[in-house]
Structure formats: structure tokens, C-alpha cells
Amino acid sequence: MKERVSALLREKLGRELVLEKPRDRSFGHFATPIAFSLAKELRKSPMIIADELAASFGESEEFSSVEAVKGYLNFRLSENFLSEYASWALENPSEYAKQEKNQKILLEFVSANPTGPLHIGHARGAIYGDTLYRLAKHLGYEIDAEYYINDAGNQIDLLGLSIQLHARENLLDETVEYPESYYRGEYLDGLSRDAMEKFGVEIFHDESRQRELAMWAKDEVMKIIVKDLADTNVHFDTFVYESTLYDDWDRVMQKMATTDAGAIYEKDGKTWIASEAKDDEKDRVVVREDGRPTYLAGDIVYHNQKFERGYEHYINIWGADHHGYIPRVKAAIEYLGYDSSKLEVLLSQMVSLLKDGEPYKMSKRAGNVILMSDIVEEIGADALRYIFASKKSDTALEFDLSEFKKQDSSNPIFYIQYAHARIQTLLSKSTLSSEEIMCADLKNLGDNADTLLFDAMLLPEVVEDAFNSRQVQKLPDYLKALAASLHKFYYDVRMIGTPDEAKLLKVMLVVALSLKTGLSLMGIVAKDKMVKEEI
RNA sequence: CUCCUUAUCGCUUAACUGGAUAAAGCAGUCCCCUCCUAAGGGAUAGCUCAAGGUUCGAGUCCUUGUGGGGAGACCA
């Protein structure tokens, strides 16, 4: 909708312009401050320019009025325009708010180590990523969601050791001494028992079989992780295993050397990448003296592999603590001969939880972390998704669990669902057939219904804006505001049994469509009926 | 010490990326079961960390300072 108006005005005025929604709807549907920017070059007062521009519009199909107010140019869309758009959307619900972007994007997120279930910190990245994914898909991008599994390196050995120790203590009643760092948590119970069945107890005492145990366990842990994700409606298309990448190391090193002979060099018996020359703080080790590659080596091969797969754009969602890691990866990409600006790294900040205003107590049995599955159990996947999607991802987040358990207006997810359910109830109470409703002409709606209709049809802009700015929270914000408009309208205007029933219900259909589409983009299924649970 | 990031009502967050009177929810005070579910609707009070700068116009951009968070590994 905004697209069309914007294109129309560009044509009319012959220049780019900022089109915005006025804060106060009485000013019209859209507005532009263009007169201010023209003031300087035309050497005229903005007010006069705006007046002249407004006058130049005259009668038009799309606008019912064009007014100049204090230098702003305000547009009011015609009923025809709105009505046609609404009918189109209702007849093509699956096309609504869709576009054809035709860009291939690879989105990598979560990528948590396969050493334990996902905790609450991962949840934020997971939901942020999955929501971006849904938005992009809807906008027509060819986007793939990828999980990078770090199944090589020390943490995997540590997993093997942790299971051994856990099993010896809990299954075999031995007294064991734990090293400084090891994994703990309830999930080790299951893993220990399964391991005992599969390998026999000997494996818990045999240090040389630690690796064997770990390689089995990480796959088991991945099953837990995938289930955690599925329970939150988070979807992945592809999984890449770090352990499979190192075979390619020699070739990738060669590739970097071809681009720049100085990219990789040997010093002190180690192999280094000359990342300092590419804006990193210093050069980094990629292969240690004993020949073991560092984590960075794996990432270099991984990113080479990504770029060889030929996407046009790459998005990585990392935790904020990986911030300093960006320059060295970008340096490697440059040495590989690719454009590092194609890689976009989004950082998701830390999360801290409150419950009844107090910091949320972490379960001892879970080993000092808050599991994502615990939260899902506590407040439900919908609420969790809503919370994480509704905050800017680049600020540290603090939220109170108990607030999301309440079933009233303080809980935004219920508030939005209730709006959708109310509309469904109206439709079921109405004696009109859906054909009769669809045929209704949206004329003379009155200001309230007109405003509501317009608000409902803003979804496409919101979706595009949310994705382009990578600010997913714009969607829940919009849905909440739309739900509020609906509730107010519902309270003010009676619809069933009035002469305007058909056209008002048609407006309701548009609102419901936007709510449902918006919710589904957040991975939440719209409810047709609210059932109040007794607590 | 260096770099990055952040700062908005009492609390959690918005603000169309430089635009009109800074907006929601919670918490507070007060009202409304009138007919489509009160899981709702209203009323009221309250905010841009500090000091400069850029310009028609700044919460948004620049400088300095202050307070949070993060990074400164041959850990991942």
C-alpha cells in the first residue's frame, strides 16, 4: 500500500521523498515533510511550498484529499483505494503482505555447542533468527536456516569426561573428583544410562574411550537440542558439522595464499593468519604447534564453504560475547577472495530473568543454567516467542516470568489472541454468509472503522520494515497496537444486527487476517476461541 | 588501560532511522459487566543520563564526561 502511494508521489513530484505515518491520524493517512527539504533550494518558505504542492494535486483516484499543514503535506487515501485493497487481500490471503525479493540468503543462528540442552541465552538468538527467517520467507527471499555444530575441539572431550564422571558417581556409586570445568545437569542422567546400555560400564573407566563416548553423546545431545527448538517452533534447513570441515583445510589455505601470498604464514612453529592487515587487532593463530587447528580454522573453512555455495547474502546471529570475533572472520573472507560485506553479523545480547521481581533462581540439578525447555514448560512457547521477539535484540534484556503467566491485558500475547478470537466470535454470531460479507462495499464507514481498516492494512509495510531493519520487535508492537484498536472499536461500535453489519464484518475480516498473518510470522498460531484456564 | 555496545516515566519496552504535542504495558489513583466473552473499555499523574555542537527541526547525528553490559585466548 505504502509502496504504491510512494511510487505515485515519486512520479508526481519527480524526486525521492520520505513518506511517513502522521502521529495524529486526523492529519491523514500518510504525510511527507518534503517541503522542508525543498525550502533551501527553492528559497521559499516551507509553508508556501507545501501549499503549492497541495494545490497541484487536484482531483485524483487514490487520494480523497491532499492538504498542507504547517509545511507538511498530508494525504488521505480515497475509499475506493482502501476498499479495493481490502477486497484483494481477503481474496488472496496467502499472497497478502508477500513480495518477490529473489535474493538468496543464508541465515546461520543458534549454533550452540552440542554439549547440553539449550539454555535461555540460546533461546533469544533462536527466536530472533527464526522470526527473521519467517519474515524473509514471506517477503519472497530464498533463505536457508543453518545450524553450525561445533563437534570438534575441547568441549567435546569435556563432554565425554563429564559423562564418565557423572555415570561413575550416580550409576556406580563411586566417589569421583571433578575437574575445574565440566558439564553438569539432568540430561547427563539419561545419557549415562543410555551409554551404559550401549557400551557397557567399562567405557566409564577407560580414558582412551572418552572420545568414542563423546562422539556418540554429541549426536544424542543434538537430538535434545533439535527437540527443544521444535518445541518452540524454530526450524532449520541445514546442519553443518565442524568435524567434517577440516579435510578441506589444505585446499582452503591454498586458496587464501593464491589471493594474497602473505595471508597465511608460519612463525614459532604455528600457522598464523595475517588478519591485522585487514583491520583486526592482531594476527591470529590458526594451527597450533602440535598441529591441532584452532576454532578459527574451522570457521574459516566453514565460511569458505558457505561462500562457495553461492548465496548473495549471509547473516550470522552471534551472542554479544563473540563481538570481537567479527574482524578476524571478515579478514579470512577477504583473503579467500570474497566480499566480506556480504557477511552481516547480528549480535544478540544477554538475557537475565526475573520472577516476581527477584532474579530467577536457577535449578541446581540443571547445573546453574536456566534451560529453555523449563521456560517453555513454565510459560509456553507462544509467550516465550513473543517476549524475545518483542525486544530489540541489541539491548540486554530483563524480563519477569510471572508477568507472562497472567491471563489478562498485562499479557500481550493473550491480548492479541483475544482480539482475533473476538472477531471469530462475531463472525459465528452473524447470520450473514461469507459471500454477503465479501460483497460489501467499504464506503461511508465512518472515521473509526476507516482508521481501523487502514491500520489493519499496514501489515505489509511493517513486515518489510521489520525485516529490512532487522528489528523484529516492530511486528509484535504493531500487532499489539492493532489489537488495541480492535478492542476499542469492539467496545464502541455494535456490529451484529445493524444495517452496516456486512461492511463492518468485512473490516473485521481484514483485521483478523493481519493478526493471523502477523502471529504466524512470529511462529504463533492464532486462536479462534479463548478458553480461560483456572489457575 | 584499550576497543565495542548501551542509557527514554517507579519498572519493562516503543518512537516510521533527522520530522508535527515522545508512545504502550505493568505498578499507582479513580470510573464502567449497556446489548457481540470485563482475558475488555475509559480517566488521571509521570520520562529523553550531563554539558556542549551540527540545522528550519535532535531521543535519534558529532565531541567530551558519567553509569551499566561485553570483548581484549593457541576456549569455543
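Since this is a predicted model, take the numbers as computed values, not measurements.
Screening A/Tyr314, A/Trp318, A/Phe236, A/Tyr148 against A/Phe109 for a ring-ring contact (aromatic ring centres under 6.0 Å, His included) leaves a single residue, A/Phe236.
B/A45 makes up no base pair with any nucleotide shown, lacking Watson-Crick or G-U wobble contacts both under 3.5 Å. Across the strands present, B/U66 finds its partner in B/A7; the criterion is a Watson-Crick or G-U wobble pair with both atom distances under 3.5 angstrom. Pair check for B/U17 finds none; no Watson-Crick or G-U wobble contact set falls under 3.5 Å. Of all nucleotides present, none satisfies the Watson-Crick or G-U wobble test against B/U55 with each distance under 3.5 Å. Judged by Watson-Crick or G-U wobble contacts below 3.5 Å, the nucleotide B/G72 has B/C1 as its partner.
Residues A/Thr115 and A/Gln155 have side chains that never bring a donor and an acceptor to within less than 3.5 angstrom of each other. A donor-acceptor pair shorter than 3.5 Å can be found between the side chains of A/Arg422 and A/Tyr418. In the model, A/Asn150 has no side-chain atom that pairs as donor or acceptor with a side-chain atom of A/Lys218 under 3.5 Å. A donor and an acceptor atom, one from each side chain of A/His119 and A/Asp228, are nowhere located under 3.5 Å apart. With 3.5 Å as the limit, one finds a donor-acceptor pair spanning the side chains of A/Glu501 and A/Ser430.
The listed nucleotides are B/A76, B/G41, B/C36; the one nearest the side chain of A/Lys488 is B/G41. The side chain of A/Lys21 approaches B/C16 more closely than any other nucleotide in the set B/C36, B/C16, B/A76. Residue A/Lys474 places its side chain closer to B/A15 than to any other of B/C75, B/A15, B/U37. In the set B/A76, B/C16, B/U37, B/C16 carries the atom at the smallest distance from any side-chain atom of A/Glu20. Comparing B/A38, B/C35, B/G19 by their closest approach to the side chain of A/Arg494 singles out B/C35. Side chain of A/Asn74, nearest nucleotide from B/A20, B/U37, B/C36: B/A20. Considering only the side chain of A/Tyr415, B/G41 comes nearest among B/G41, B/C36, B/A39. For A/Tyr491, counting side-chain heavy atoms from C-beta on, the closest listed nucleotide (B/G40, B/C75, B/U17) is B/G40. Nearest nucleotide to the A/Leu426 side chain, out of B/C36, B/G41, B/A73: B/C36. Set against B/U17, B/G70, B/G19, the side chain of A/Gln471 has B/U17 as its closest nucleotide.
Between the P atom of B/C56 and the NZ atom of A/Lys70 lies a distance of 19 Å, rounded to the nearest Å. Atom P of nucleotide B/A39 and atom CD of A/Gln424 are separated by 19 Å, given to the nearest angstrom. The distance between atom NZ of A/Lys480 and atom P of B/G40, rounded to the nearest whole Å, is 12 Å. Whole-Å rounding puts the A/His487 NE2 to B/G40 P distance at 6 Å. Rounded to an integer number of Å, the gap from A/Leu38 CG to B/C56 P is 14 Å. A/Tyr386 places its OH atom 19 Å from the P atom of B/A39, with the value rounded to the nearest Å.
Residue contacts for A/Ser469: at a heavy-atom cut-off of 4.0 Å it reaches a base atom on one of the strands shown. Among the protein residues, A/Asp465 comes within range of no part of the nucleic acid, since none of its heavy atoms lies under 4.0 Å from any strand. Within the 4.0 angstrom heavy-atom criterion, base atoms lie near A/Ala31. Residue A/Lys282 is in sugar-phosphate contact alone, with no base atom involved, counting any heavy-atom pair closer than 4.0 Å across all strands shown. The residue A/Glu281 sits close only to the backbone: its heavy atoms come under 4.0 Å of sugar-phosphate atoms, none of a base.
Separation of the P atoms belonging to B/U8 and B/A50 is 11 Å when rounded to the nearest angstrom. Using atom P as the reference point in both B/U64 and B/C1, the two lie 16 Å apart (nearest Å). The separation of B/A27 from B/U21, taken at their C1' atoms, amounts to 26 Å, rounded to a whole angstrom. With C1' as the reference atom, B/G46 and B/G10 are 9 Å apart, rounded to whole Å. Comparing B/C9 with B/U44, their C1' atoms sit 14 Å apart, to the nearest whole Å. The gap from the C1' atom of B/G53 to that of B/A14 amounts to 28 Å, rounded to the nearest Å. With C1' as the reference atom, B/U17 and B/C31 are 40 Å apart, rounded to whole Å. The same atom, C1', is picked in B/G68 and in B/C75; the two are 26 Å apart, to the nearest Å.
With respect to the salt-bridge test (charged N to carboxylate O, under 4.0 angstrom), the residues A/Glu52 and A/Lys44 qualify.
For B/A38, the OP1/OP2 oxygens have a side-chain nitrogen or oxygen of A/Arg422 closer than 4.0 Å. When the side-chain nitrogen and oxygen atoms of A/Arg288 are compared with OP1 and OP2 of B/C75, one or more of them lie within a distance under 4.0 Å. Look at A/Tyr325 and you won't find any side-chain N or O under 4.0 angstrom from OP1 or OP2 of B/A73. For B/U37, the OP1/OP2 oxygens have a side-chain nitrogen or oxygen of A/Lys429 closer than 4.0 Å.
The aromatic rings of A/Phe30 and A/Phe454 sit perpendicular to each other, their planes meeting at more than 60°, with 30° as the lower class boundary.
The base of B/U13 does not come close enough to the side chain of A/Gln473 for any donor and acceptor atom to sit less than 3.5 Å apart.
Taking a centre distance below 5.5 Å and an interplanar angle below 30 degrees as the stacking criterion, A/Tyr72 stacks against the six-membered base ring of B/A20. Both geometric conditions, a ring-centre gap below 5.5 Å and a plane tilt below 30°, are fulfilled for A/Phe27 over the base of B/A20.
The local environment of NZ in A/Lys516 is sparse, with at most 12 non-hydrogen atoms from other residues, nucleotides or ligands closer than 6.0 Å.
When the nearest nucleotides of RNA chain B are assigned to A/Lys529 and A/Pro293 by heavy-atom distance, the more 5′-ward of the two goes with A/Lys529.
In this entry the base of B/U63 is anti relative to its sugar, with a glycosidic angle more than 90° from 0.
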